[in-house]
Amino acid sequence: MNENLFTSFITPVILGLPLVTLIVLFPSLLFPTSNRLVSNRFVTLQQWMLQLVSKQMMSIHNSKGQTWTLMLMSLILFIGSTNLLGLLPHSFTPTTQLSMNLGMAIPLWAGAVITGFRNKTKASLAHFLPQGTPTPLIPMLVIIETISLFIQPMALAVRLTANITAGHLLIHLIGGATLALMSISTTTALVTFTILILLTILEFAVAMIQAYVFTLLVSLYLHDNT
């Protein structure tokens, strides 16, 4: 109970060297490429889920937008596997770091916006001024739409960071309360332990949902610009 509440969010270091790079690269080892004619159940399940998500997510895109399929599928696999690995005891979750999430959100958002200005310049500029706007409101609406455009990557990163961080903090608090209550009231400790199990199951779902939501919003930004 004396441990700092935010200790689990500190970047791990060994001999003064940060381990973030190794942690970020580790999930790629969980998705091996099968060279066999008949794949095992794990690879088959991965392929089925990828086909299902890609069909649902990329069906709204034209041919230019569908060229981003590999990048978006890699993104959802990376975020989902990183979130799930972060639920293991004594592990580190890179997606709780706002800097890392901004590093993913800003380039993808900028790529989608630049694609829109290159391929649909008039339509992209038209988003800054809705049709039928009264003349006195034009300067204000242009400023508001510009701000909302630049807030999009920040919203992507903050949403992912806040949801993953909040889940880890709740698990940490309820786990600490369970340990403290074991010596006071066994019945209450069992109740809190049950809540902890249910919350952990919920966090597994949140880890996958947040990966899907992040990738889906990037996909929607791309759809608006292609």
Side-chain angles (χ1 to χ4, degrees), residues 20-21 23-25 27-28 31 46-47 49-84 86 93-133 137-166 205-226:
V20 174
T21 304
I23 295 172
V24 168
L25 293 177
S28 62
F31 301 98
Q46 289 178 4
Q47 294 174 349
M49 291 183 64
L50 281 177
Q51 290 177 358
L52 181 65
V53 174
S54 61
K55 183 183 294 184
Q56 181 180 6
M57 192 175 295
M58 306 307 295
S59 59
I60 61 175
H61 290 277
N62 54 22
S63 58
K64 291 181 179 179
Q66 290 178 356
T67 58
W68 286 51
T69 303
L70 181 60
M71 182 184 297
L72 293 180
M73 292 302 102
S74 301
L75 179 66
I76 192 172
L77 282 176
F78 171 73
I79 298 177
S81 57
T82 303
N83 291 346
L84 290 175
T93 312
T95 47
T96 57
Q97 307 297 312
L98 183 60
S99 57
M100 175 179 168
N101 295 335
L102 283 173
M104 291 189 295
I106 292 177
L108 292 169
W109 165 84
V113 172
I114 292 172
T115 300
F117 278 106
R118 288 184 60 187
N119 299 328
K120 298 167 55 177
T121 306
K122 292 183 179 180
S124 298
L125 291 175
H127 289 161
F128 292 96
L129 187 62
Q131 188 176 6
T133 303
L137 296 179
I138 288 178
M140 184 182 297
L141 280 179
V142 170
I143 295 174
I144 292 173
E145 291 296 329
T146 304
I147 294 174
S148 66
L149 177 65
F150 284 97
I151 281 179
Q152 287 177 353
M154 178 65 74
L156 273 178
V158 170
R159 181 186 295 106
L160 179 59
T161 304
N163 281 282
I164 301 302
T165 303
V206 169
M208 300 302 297
I209 291 172
Q210 289 304 314
Y212 179 79
V213 169
F214 189 97
T215 310
L216 179 62
L217 289 175
V218 173
S219 175
L220 292 177
Y221 296 156
L222 177 64
H223 175 65
D224 293 336
N225 291 281
T226 53

> Does the side chain of T95 pick up a donor-acceptor pair with the side chain of N83 at under 3.5 Å?
Replying inline: yes
> If you take all heavy atoms of L72 and S219, which pair is closest and at what distance?
Replying inline: CD1-CB, 4.0 Å
> Can any side-chain N or O of T215 pair as donor or acceptor with the backbone N or O of Y212 at less than 3.5 Å?
Replying inline: no
>> How long is the straight-line distance from OG of S81 back to CD1 of I76, given to the nearest 0.5 Å?
In response: 10.5 Å
Listed pairs under 3.5 Å, donor-acceptor, residues 149-164 side chains, sequence neighbours left out:
| unit_1 | atom_1 | unit_2 | atom_2 | d |
| --- | --- | --- | --- | --- |
| Q152 | OE1 | W109 | NE1 | 3.1 |
| T161 | OG1 | N101 | ND2 | 2.5 |
| T161 | OG1 | A157 | O | 2.8 |
| N163 | ND2 | R159 | O | 2.6 |

> Considering all heavy atoms of both residues, which atom of G111 and which atom of T115 are nearest to each other, and what is their separation?
Replying inline: O-OG1, 2.6 Å
> Can you check whether I60 reaches L220 side chain to side chain, under 4.5 Å on heavy atoms?
Replying inline: yes
> In Å and rounded to the nearest 0.5 Å, what is the OG1 to CG distance from T121 to N119?
Replying inline: 8.0 Å
> Considering all heavy atoms of both residues, which atom of T69 and which atom of S54 are nearest to each other, and what is their separation?
Replying inline: CG2-CB, 4.4 Å
> So which heavy atom on M57 is nearest to which on M73, and how close?
Replying inline: SD-CE, 4.2 Å
> Looking only at heavy atoms, which two atoms of M100 and P94 are closest? And how far apart?
Replying inline: SD-CB, 3.1 Å
> Once you round to the nearest 0.5 Å, how far does CG of L75 lie from CE of M104?
Replying inline: 6.5 Å
> What's the verdict on side chain to side chain contact (heavy atoms under 4.5 Å, CB included) for M71 and V218, showing C-alpha distance, side-chain angles and the deciding distance?
Replying inline: CA-CA 11 Å; M71 182 184 297; V218 173; over 6 Å; no
>> So which atom in G65 and which in M58 form the shortest heavy-atom distance, rounded to 0.1 Å?
In response: O-CE, 3.4 Å
> Are L222 and H61 side-chain neighbours, meaning at least one heavy-atom pair lies under 4.5 Å?
Replying inline: yes
> If you measure from CG on L141 to OG1 on T146, what distance do you get to the nearest 0.5 Å?
Replying inline: 10.0 Å
